[in-house]
Amino acid sequence: MPRGGREIFPRYRLVGYAGLTGAKTLGRLGTGPLDSRVVELEKRAKPYATGRQILPVLEVITTIVQRSAGRDGKYRVRITDDQIGTYHKAARERKALLLLNLQPGRSEFLPEAKAYEKWLKLPDVGVALDPEWAMDAGQVPGRAYGHTTGAELSQTARYLAGLVQKHDLPEKAMVYHQVAASVIRKESGLKDHDGVVLIKSVDGLGPPASKINTYRVVNKTTPKFVHAGFKLFFTEDRRGGGRLMSPKEVLALRPRPEYVMYE
């Protein structure tokens, strides 16, 4: 782990910012200089400690869904190694964890993860999967709601477990985001894998009452070995008179989130 040890939980609580520098609509990392955002993140994370150490997280959108098919018809693009290197340098300087967020379009999670093996072989890099942007054949991002299955998630987790074993790495984080119950189908197909910490981030939008209800509903199917996560949106949660939930409110959720992400 960037801040010591080989296991993530129960030592740490992960708190992070998501996005892509220069793309304000994609999250907090897109607003302002990267170094400033990391410093801001560390300050925002402090109230979440509550008996644990904080492990800051930069969740960078590396495979980005597109409305156009592109040359290969996959409706996604990948950022460059140079761009990823900039985030990895910033994360390593602040002893933070780097997560590569994958929005696969008409590609699939496993080949997208494998495309970044150079980075995933490092001890401080994991992945975050965004199934609402996983399209079926014939579907176009933005016109249809994506989905995945527990078995498909398990394929990527198995791949990561292989990297951990082969390269003698500390535990590797694999987050999967879920904005609604329909996004993960047959979740029981997700299996536990040695060396991989599985985290479900519930990404419900809106005012606190709505987000809390989504958290309750979506967690009904969460396997026992999957750790709890919760996402907050600086823009979407404040629309229509809404507000951003406080750390105290987030920590009052049950199960208590071990991963908190701001976008």
Side-chain angles (χ1 to χ4, degrees), residues 2 16 18-23 26-27 29-30 34 57-92 96-137 139-142 146-178 183-184 190 193 195-199 201 261 263:
L20 186 66
T21 301
L26 295 182
L29 287 181
L34 179 57
V57 178
L58 303 184
E59 187 176 316
V60 180
I61 306 174
T62 50
T63 293
I64 310 167
V65 74
Q66 303 287 297
R67 290 181 181 270
S68 57
R71 290 184 178 181
D72 60 2
K74 299 297 186 182
Y75 287 84
R76 59 91 180 94
V77 296
R78 299 170 184 154
I79 68 173
T80 66
D81 274 345
D82 285 346
Q83 288 174 294
I84 296 173
T86 298
Y87 289 106
H88 186 247
K89 180 181 178 182
R92 189 158 280 189
L97 185 66
L98 178 65
L99 294 182
L100 309 181
N101 180 287
L102 310 180
Q103 301 176 345
R106 287 196 201 168
S107 181
E108 296 178 351
F109 287 121
L110 184 56
E112 291 306 311
K114 287 182 175 180
Y116 301 107
E117 185 166 312
K118 166 185 175 179
W119 299 102
L120 293 173
K121 290 190 295 186
L122 300 177
D124 49 358
V125 182
V127 298
L129 312 183
D130 234 338
E132 67 177 286
W133 297 113
M135 301 289 114
D136 287 335
Q139 290 184 325
V140 175
H147 64 88
T148 191
T149 66
E152 289 171 337
L153 295 174
S154 212
Q155 288 177 348
T156 303
R158 188 181 305 113
Y159 162 69
L160 295 174
L163 293 180
V164 169
Q165 182 178 19
K166 181 178 180 180
H167 300 285
D168 189 27
L169 300 172
E171 283 186 333
K172 198 162 284 292
M174 185 183 113
V175 176
Y176 60 99
H177 290 278
Q178 188 169 2
V183 168
I184 310 291
L190 175 61
H193 297 271
V196 178
V197 173
L198 297 168
I199 304 165
S201 174
M261 183 57 55
E263 181 175 304

Once rounded to the nearest 0.5 Å, what's the spacing between atom [atom1] of [X] and atom [atom2] of [Y]?
X	Y	atom1	atom2	answer
S107	D72	OG	CG	7.5 Å
R106	Q139	CZ	CD	8.0 Å
H147	M135	NE2	CE	8.5 Å
E263	L29	CD	CG	9.5 Å
L198	L190	CG	CG	5.0 Å
L110	L153	CG	CG	11.5 Å

Write out all pairs satisfying salt bridge (charged side-chain N to carboxylate O under 4.0 Å, His left out) with one or both partners inside residues 120-130, taking only residues at least two apart or from two chains.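 Listed by first then second residue: R92-D124.
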Quick check: does any side chain N or O of Y176 sit under 3.5 Å from a backbone N or O of I184, one acting as donor and the other as acceptor?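 The answer is no, because no donor-acceptor pair under 3.5 Å joins these two groups.
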Within the supplied structure, the quantity of interest is the number of heavy atoms (other residues, nucleotides, ligands) at a distance under 6.0 Å from E108 CD; does it exceed 12? no
Walk me through whether T63 and W133 qualify under side-chain contact (heavy atoms from CB on, under 4.5 Å). CA-CA 10 Å; T63 293; W133 297 113; over 6 Å; no
Could you check V60 against I79 for side-chain contact (heavy atoms from CB on, under 4.5 Å), going step by step and ending with a plain yes or no? CA-CA 10 Å; V60 180; I79 68 173; 4.2 Å; yes
Minimal non-hydrogen separation, P104 against R76, with atom names: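 Scanning both residues completely, I find the closest heavy atoms to be O-CG, 3.4 Å.
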For residues 156-165, tabulate all N or O donor-acceptor pairs below 3.5 Å that involve a side-chain atom, not counting sequence neighbours.
unit_1, atom_1, unit_2, atom_2, d
Y159, OH, E117, OE1, 2.7

